[in-house]
2 protein chains.
Amino acid sequence: MAHPSPSFQPLYLQIKMLVEKGLEEGDWQPGEPIPSEAELAARYEVSQGTVRKAIDVLAAAKLVVRRQGKGTFVATHTEEKTAPFRFLHIRADDGRDETLVSHLLDVRRGKAGVEAARLLALKAGDAVIVLTRVLAFGEEPVIFEDLTLPGFLFRGLTRARTEAHSGSIYGFFETEFGVRMVKAKERLRAVAADAESARALGVPAGHPLLAIERVAYTYGERPVELRRGLVATRRHHYYNELG
Amino acid sequence: MAHPSPSFQPLYLQIKMLVEKGLEEGDWQPGEPIPSEAELAARYEVSQGTVRKAIDVLAAAKLVVRRQGKGTFVATHTEEKTAPFRFLHIRADDGRDETLVSHLLDVRRGKAGVEAARLLALKAGDAVIVLTRVLAFGEEPVIFEDLTLPGFLFRGLTRARTEAHSGSIYGFFETEFGVRMVKAKERLRAVAADAESARALGVPAGHPLLAIERVAYTYGERPVELRRGLVATRRHHYYNELG
DNA sequence: CAGTGGTCTAGACCACATC
DNA sequence: ATGTGGTCTAGACCACTGG
């Protein structure tokens with residue numbers, strides 16, 4: 001049955017928002033299936049084609065994943081098979097995929113400075129947690145980075161719990177804190193290594209490094225992570241495709 | 001009328017390939033409309049819905065642009081209104097959009113080295129044209145780059161003709177040589193400025209620069225440009241969104 | 001086998017642009 | 001008024017998955 005049109009937006013976008021709200025509110029967990037198209041069509045009293053268009057949009061934004069014959073699943077960062085490091089754009093020059101190892105250097109609590117507060121939509125002085133780590137590809141340290149997280153979303157995050165978790169850190173955030181990264185914006189610059197980062201990455205002080213500033217977002221464009229990384233681009237590079 | 005299914009691929013992908021071939025062969029020029037969905041449906045004897053799905057794919061790949069009420073148009077790099085610099089990811093830190101000025105330093109013909117030949121799918125020694133230029137944002141020189149082009153595609157490219165053209169260089173390639181850039185892959189690194197680039201960009205020798213290597217492609221994944229740029233990230237950065 | 005997403009059709013109507 | 005793309009429906013059938 002049709003809803004003739006008591007609205008401005010097309011029906012399928014309204015349905016999309018309803019399903020998105022369900023995702024946001026945790027009606028279905030990451031990795032689990034959402035209701036079938038037929039069921040959603042019945043529930044919202046629209047045709048299956050309209051539900052399909054709605055889910056097309058969500059799938060394009062990678063909030064859900066379709067699997068023919070099985071169903072539509074809530075996207076997750078924890079699945080080995082598909083893409084455990086969807087947001088990692090650093091690649092080896094020779095194309096090998098080396099094992100990625102994280103060395104956690106520090107976890108501390110603090111207060112947000114004005115800049116971090118602005119980028120994370122907090123107030124200056126709000127509680128934050130800052131992780132510092134080095135990522136090594138194979139044996140070689142390649143990335144030295146800080147992650148700044150809003151304290152109220154990551155209560156109970158400790159060094160031990162973080163180290164206990166294997167796999168991508170976004171998988172950890174997802175399973176342990178229910179925070180799902182959905183989108184990110186990055187700004188890249190070239191900078192000279194200072195003493196600390198030079199030591200961490202095994203390059204001489206003053207060596208050129210690729211600086212990446214990332215703000216990552218959950219549903220509804222809400223920023224939930226600020227990351228500043230320094231990358232030694234000796235045998236690795238940042239890869240990007242432009243369409 | 002339906003074609004029951006004498007094939008492996010879905011019908012709409014077959015239609016998509018037919019339309020894409022038309023684009024590739026220049027049946028319709030950049031900026032001009034392709035035939036209406038109804039006409040394509042009649043021509044290929046499929047339903048309009050199937051044509052729509054085919055065009056959806058082409059629109060997602062930005063080969064065409066839909067405009068409601070007007071038609072579907074061949075994408076172009078020459079239109080001021082939409083996005084004259086679709087592939088330029090360098091932005092000012094403060095978000096201003098300064099006028100972009102190109103200073104062409106050199107145009108010369110030469111032979112492809114092994115590396116350039118590999119990336120451009122040529123044979124080493126094949127004729128290439130190399131442009132060298134500086135891009136300035138406002139008054140400030142920001143990018144110093146080389147463009148290496150296959151000679152056989154850009155016959156008659158001269159310094160004078162290049163300078164005569166205003167707007168994006170991809171617009172120039174499109175209108176003057178019929179070469180349309182459709183996609184590109186980039187690799188970014190941090191490097192130290194050598195004497196030449198330091199002079200061109202107004203930074204001290206050894207200053208960290210963002211090095212961007214781009215291979216740009218036309219239809220069918222055919223590489224047609226190799227670009228190596230050095231970016232002074234004093235008050236500018238490389239912007240990227242991750243989905 | 002039944003259930004899921006994927007394709008395809010035919011037709012109605014809406015929103016927008018142009019004449 | 002006409003032509004374009006955009007939405008929506010109802011129903012048929014295909015392709016794939018799993019019990």
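Keep in mind that this is a model prediction, so the values were computed, not measured. First the proteins, then the strands, lettered A, B, ... as listed; each starts at 1.
The side chain of B:Thr72 sits closest to D:dG5 out of D:dG5, C:dA10, C:dG6.
In this structure, A:Lys53 places its NZ atom 16 Å from P of C:dG6, rounding to the nearest Å. As a whole-Å value, the separation of B:Leu11 CG from D:dC14 P is 14 Å. Rounded to whole Å, the distance from CD on A:Gln48 to C1' on D:dC8 is 13 Å. Spacing between atom OH of A:Tyr12 and atom C1' of C:dA15 amounts to 13 Å, rounded to whole angstrom units. Atom CD in A:Gln9 sits roughly 15 Å away from atom C1' in C:dA15 (whole-Å rounding). Regarding A:Glu37, its CD atom lies at a distance of 15 Å from the P atom of D:dC8, rounded to whole Å. Between the CD1 atom of A:Ile34 and the P atom of C:dT4 there is a distance of 12 Å, given to the nearest Å. Protein atom CG of B:Leu13 is 14 Å distant from nucleotide atom C1' of D:dA15, rounded to whole Å.
Judged by distance alone, the side chain of A:His77 and the main-chain N or O of A:Met181 form a donor-acceptor pair under 3.5 Å. Panel note: side chain B:Ser36, backbone B:Glu39; a donor-acceptor pair is recorded below 3.5 Å. A donor-acceptor pair under 3.5 Å is formed between the side chain of B:Thr175 and the backbone N or O of B:Gly171. Without hydrogens or angle criteria, B:His237 side chain to A:Arg187 main chain gives no donor-acceptor distance under 3.5 Å.
Contact annotation: A:Arg67 does not reach the phosphate of D:dC16 (side-chain N/O to OP1 or OP2, under 4.0 Å). For C:dT4, one of the phosphate oxygens OP1 or OP2 lies less than 4.0 angstrom from a side-chain nitrogen or oxygen of A:Ser36. Contact between the side-chain N/O atoms of B:Arg66 and the OP1/OP2 oxygens of D:dG6 is found at a separation under 4.0 Å. Side-chain N/O atoms of A:Arg52 include none lying less than 4.0 angstrom from OP1 or OP2 on C:dG5.
Residue pairs meeting the salt bridge (charged side-chain N to carboxylate O under 4.0 Å, His left out) criterion with at least one partner in residues 167-181 of chain B, sequence neighbours excluded, are B:Arg161-B:Glu176. Contacts classified as salt bridge (charged side-chain N to carboxylate O under 4.0 Å, His left out) and involving residues 146-160 of chain A (residues at least two apart or in different chains) are given here: A:Arg159-A:Glu163.
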Assess the residue pair B:Arg189 and A:Asp93 against the criterion (salt bridge (Lys or Arg N to Asp or Glu O under 4.0 Å)); give the C-alpha distance rounded to whole Å, side-chain angles, the decisive distance to 0.1 Å, and a yes or no.
CA-CA 10 Å; B:Arg189 292 180 183 78; A:Asp93 290 344; 3.0 Å; yes

N/O contacts under 3.5 Å, protein versus nucleotides 17-19 of chain D?
| residue | atom | partner | partner atom | Å |
| --- | --- | --- | --- | --- |
| D:dG18 | OP1 | A:Lys70 | NZ | 3.4 |

